[in-house]
Amino acid sequence: AQKITQTQPGMFVQEKEAVTLDCTYDTSDPSYGLFWYKQPSSGEMIFLIYQGSYDQQNATEGRYSLNFQKARKSANLVISASQLGDSAMYFCAMKGAGSYQLTFGKGTKLSVIP
Amino acid sequence: DVKVTQSSRYLVKRTGEKVFLECVQDMDHENMFWYRQDPGLGLRLIYFSYDVKMKEKGDIPEGYSVSREKKERFSLILESASTNQTSMYLCASSLITGVDNEQFFGPGTRLTVL
């Protein structure tokens, strides 16, 4: 069984500052993928970034980076230079090799303050 | 761009009604998924399909059924809607199984059962 834990129900960050959203996971699969999604108030889930369990380097996509610490089973999302449009729910998810489904965490609501 | 569309953004139904939620994707994806999203619970998988006419139960299939007669279309059916099925319903699609295949989501349907 796979489990994703996001311990921060809500967070605030000042505009232009960096913020880290926490995600820990549990799985017995030796190969797996970790994903972060953003959900604005409009409701649509937007894929942000992916990290494979065997990737040697942390994933980066523009202002998003993933701080992957395999031994600690953590996959924190770092957003640099926060913008007002970053205010949204953020979900961490994972998928094991051979699995069809994504397992999601309960999400973190990020609010960016001007 | 992958496009996943859902038949309605908002839907209001009465208890006991039969409800159909339709989802269409235009990228020839093999896998399609139905989730429900409730505050504080994250996304929970209801059903998924990995091929036409094939379906698998997710974590919370009770009270729901699905239909996939064509590759691009995946329908969620509430045989007899109940108030505890008031929720946000999200459809997603992805390429055939791989740890790095992200799921692409539709805009969601907010269903209210009175």
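Values in this document were obtained by computation on a predicted structure and should not be read as measured data.
Distance check, rounded to the nearest 0.5 Å: CD of B:E102 to CD1 of A:I46 gives 13.0 Å. Distance check: A:F47 CZ to B:S94 OG gives 12.0 Å after rounding to the nearest 0.5 Å.
Residues B:Y50 and B:F74 do not share a hydrophobic cluster, defined by chaining ILVMFWY side chains whose heavy atoms lie under 4.5 Å apart. No continuous path of hydrophobic side-chain contacts links B:F48 to B:Y64 [ILVMFWY only; heavy atoms under 4.5 Å]. Linking Ile, Leu, Val, Met, Phe, Trp and Tyr whenever their side-chain heavy atoms come within less than 4.5 Å leaves B:W34 and B:V24 in two separate clusters. In the hydrophobic cluster analysis, where Ile, Leu, Val, Met, Phe, Trp and Tyr join through side-chain heavy atoms closer than 4.5 angstrom, B:M32 is grouped together with B:I60. By the rule that hydrophobic residues join a cluster once side-chain heavy atoms approach within less than 4.5 Å of another member, B:M88 and B:I46 end up as members of separate clusters.
Atom NZ of A:K106 has 12 or fewer neighbouring heavy atoms from other residues, nucleotides or ligands inside a 6.0 Å radius. For A:K16, the NZ atom counts as loosely surrounded, since its 6.0 Å shell holds 12 or fewer non-hydrogen atoms of other residues, nucleotides or ligands.
The aromatic ring centroids of B:Y35 and A:F104 lie less than 6.0 Å from each other.
When heavy atoms are compared at a cutoff of 4.5 Å, B:Q37 approaches chain A solely by way of its side chain, counted from C-beta outward. In this structure, the portion of B:R9 lying under 4.5 Å from any heavy atom of chain A is its side chain and not its backbone. Using a 4.5 Å cut-off between heavy atoms, A:Q39 contacts chain B through its side chain alone, with no backbone atom that close.
Heavy-atom pairs under 4.5 Å with chain B peak, among A:F91, A:Y32, A:Y37, at A:Y37.
Residues B:D59 and A:Q101 are in side-chain contact: their nearest non-hydrogen atoms beyond the backbone lie under 4.5 Å apart. Between A:M45 and B:L43, the closest side-chain pair of non-hydrogen atoms falls below 4.5 Å.
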